[in-house]
Protein chains: 2
Amino acid sequence: MKNPIADLNKIFDSRIRLGVMSMLIVNHEISFNDLKQMLELTDGNLASHLNTLEQAEFIEVHKGFIGRKTSTTYSITILGKQAFKAHLDALEKMINKL
Amino acid sequence: MKNPIADLNKIFDSRIRLGVMSMLIVNHEISFNDLKQMLELTDGNLASHLNTLEQAEFIEVHKGFIGRKTSTTYSITILGKQAFKAHLDALEKMINKL
DNA sequence: TGAAAGTGCTTTGTTTTTCAAAGTTAAGTA
DNA sequence: TACTTAACTTTGAAAAACAAAGCACTTTCA
C-alpha cells in the first residue's frame with residue numbers, strides 16, 4: 001500500500017489557508033477585510049498566512065480602491081487552483097477507502 | 001456568511017494525524033510498526049502524534065503479542081470516529097460551495 | 001482643523017508545534 | 001553474551017502560529 005498522505009500539500013495543513021483558498025475558489029476576488037471577518041482572524045495572523053500563500057504563488061494581490069478608500073483584494077492563481085484541487089483529490093483518495 | 005473553518009477540528013490540521021485516522025477508519029486495528037512504515041515516519045514523530053490522538057481520546061492502544069513478540073496496536077474510538085466524520089463533513093461543506 | 005477611525009500591513013515577542021536523533025526498556029534471536 | 005527489534009521517552013532545535021502593538025496613509029466627523 002502507498003503512503004496515503006504523500007500527496008497532501010503541506011501548505012494546506014493549515015485550516016486558515018484552507019479557508020482562504022476555498023473562499024477564493026468560490027469568489028473570484030476578496031478583500032483583506034472580508035477575509036479577516038469571515039475567518040475571524042487578527043490582521044497580523046491573516047497577513048502572514050496570505051503571505052505564505054503568496055510566496056507559494058497560490059494567490060495574487062491587487063491594490064485598488066473602493067471609491068476613494070484603499071482596498072487590497074486577493075485572487076487565486078492558476079497554480080493555486082491546480083495545487084488546491086490536487087490537494088482535495090489526495091484528500092478524497094485518502095478518505096474514499098472508506 | 002458563516003466562518004467556513006469554524007467546524008474544522010484543529011487536531012486534524014496535521015497531515016500525519018489525518019493519515020493515522022484515515023488508516024484506522026479503514027483498518028480496524030493497525031500496529032505501530034505498520035503505521036510507521038506506511039506514513040514513513042520516525043518512531044518519535046509517530047509516537048508523539050499518536051499521543052496527541054490518544055489524549056483526545058480519538059484512538060485506543062492495545063498492548064499485545066504477535067506470537068511471542070510484543071506488538072502495540074491502535075484502533076479508533078467512537079469519539080474519534082465521530083470527530084473525524086464531523087471534520088470531513090466540515091471540509092466537504094467548506095468545499096462544496098464550489 | 002484636528003481628533004478619531006479605518007485599511008492593510010510590519011514588527012515584536014511569546015507560545016505552540018513539529019521533528020529528528022539519541023537514549024531507554026524489555027523481549028527475542030544467534 | 002552480544003545483537004536486533006519494538007515501542008517508546010527525552011532532548012533540543014527549528015519552524016509556525018498568533019496576538020498585540022506600531023505604523024503610514026486616508027477619510028470622516030465635530
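Labels below follow one simple rule: chain letters A, B, ... track the order of the sequence lines, proteins then strands, and each chain is numbered from 1.
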Undergrad: Please tell me if B:K10 has a side-chain N or O lying less than 4.0 Å from either OP1 or OP2 of C:dT17.
TA: no
Undergrad: Can you tell me how far apart CG (A:L18) and CE (A:M21) are? Round to the nearest 0.5 Å.
TA: 9.0 Å
Undergrad: Expressed in angstrom and rounded to an integer, what is the separation of A:L41 atom CG from C:dC9 atom C1'?
TA: 15 Å
Undergrad: What is the separation between atom CG on B:L46 and atom C1' on C:dA21, rounded to the nearest whole Å?
TA: 16 Å
Undergrad: Between D:dC8 atom C1' and B:N51 atom CG, what is the distance in whole Å?
TA: 10 Å
Undergrad: Specify the residue among B:V61 and A:R17 whose closest nucleotide of DNA chain D lies further upstream toward the 5′ end.
TA: B:V61
Undergrad: Mind calculating the distance between CZ (B:F32) and P (C:dT25) to the nearest angstrom?
TA: 17 Å
Undergrad: Does B:N45 place a side-chain N or O at less than 4.0 Å from the phosphate oxygens OP1/OP2 of C:dT18?
TA: no
Undergrad: Side-chain contact, heavy-atom cut-off 4.5 Å: A:Y74 with A:H62?
TA: no
Undergrad: Tell me whether B:T77 contacts the main-chain N or O of B:E57 through its side chain, where contact means a donor paired with an acceptor under 3.5 Å.
TA: yes
Undergrad: Could you tell me the separation between the CD1 atom of B:I11 and the P atom of C:dT16, rounded to a whole number of Å?
TA: 15 Å
Undergrad: Can you tell me the distance, in whole Å, between the CD1 atom of B:I5 and the P atom of D:dA17?
TA: 12 Å
Undergrad: Are the charged groups of B:D43 and B:K36 less than 4.0 angstrom apart, N to O?
TA: yes
Undergrad: Check this one for me: any side-chain N or O of A:N33 less than 4.0 Å away from OP1 or OP2 of C:dT7?
TA: yes
Undergrad: Between B:H49 and C:dT17, is there a side-chain N or O to OP1/OP2 distance below 4.0 Å?
TA: no
Undergrad: Taking the nucleotide of DNA chain C with the nearest heavy atom to each, does A:G44 or A:T70 sit closer to the 5' end?
TA: A:T70
Undergrad: Under 4.0 angstrom, heavy atoms only, what part of the nucleic acid is A:D43 near: base, sugar-phosphate, or nothing?
TA: base
Undergrad: A:S31 near the nucleic acid: base, sugar-phosphate alone, or nothing, with a heavy-atom cut-off under 4.0 Å?
TA: nothing
Undergrad: Using whole Å, what does the distance between atom C1' of nucleotide D:dC8 and atom CD of B:Q55 come to?
TA: 15 Å
Undergrad: On DNA chain D, does the nearest nucleotide to A:T42 precede the nearest nucleotide to B:Q37 from the 5' side, or the other way round? Give the residue.
TA: B:Q37
Undergrad: What does B:I16 touch in the nucleic acid at a heavy-atom separation under 4.0 angstrom: a base, only the sugar-phosphate, or nothing?
TA: sugar-phosphate
Undergrad: Does C:dC9 have its OP1 or OP2 closer than 4.0 Å to a side-chain nitrogen or oxygen of A:T72?
TA: yes
Undergrad: Under 6.0 Å between ring centres, would you say that holds for B:F12 and B:F84?
TA: yes
Undergrad: Please give, in whole Å, the distance from D:dA7 P to B:K63 NZ?
TA: 8 Å
Undergrad: Taking only the side-chain nitrogens and oxygens of B:R15, find out if one of them lies under 4.0 Å from OP1 or OP2 of C:dT18.
TA: no
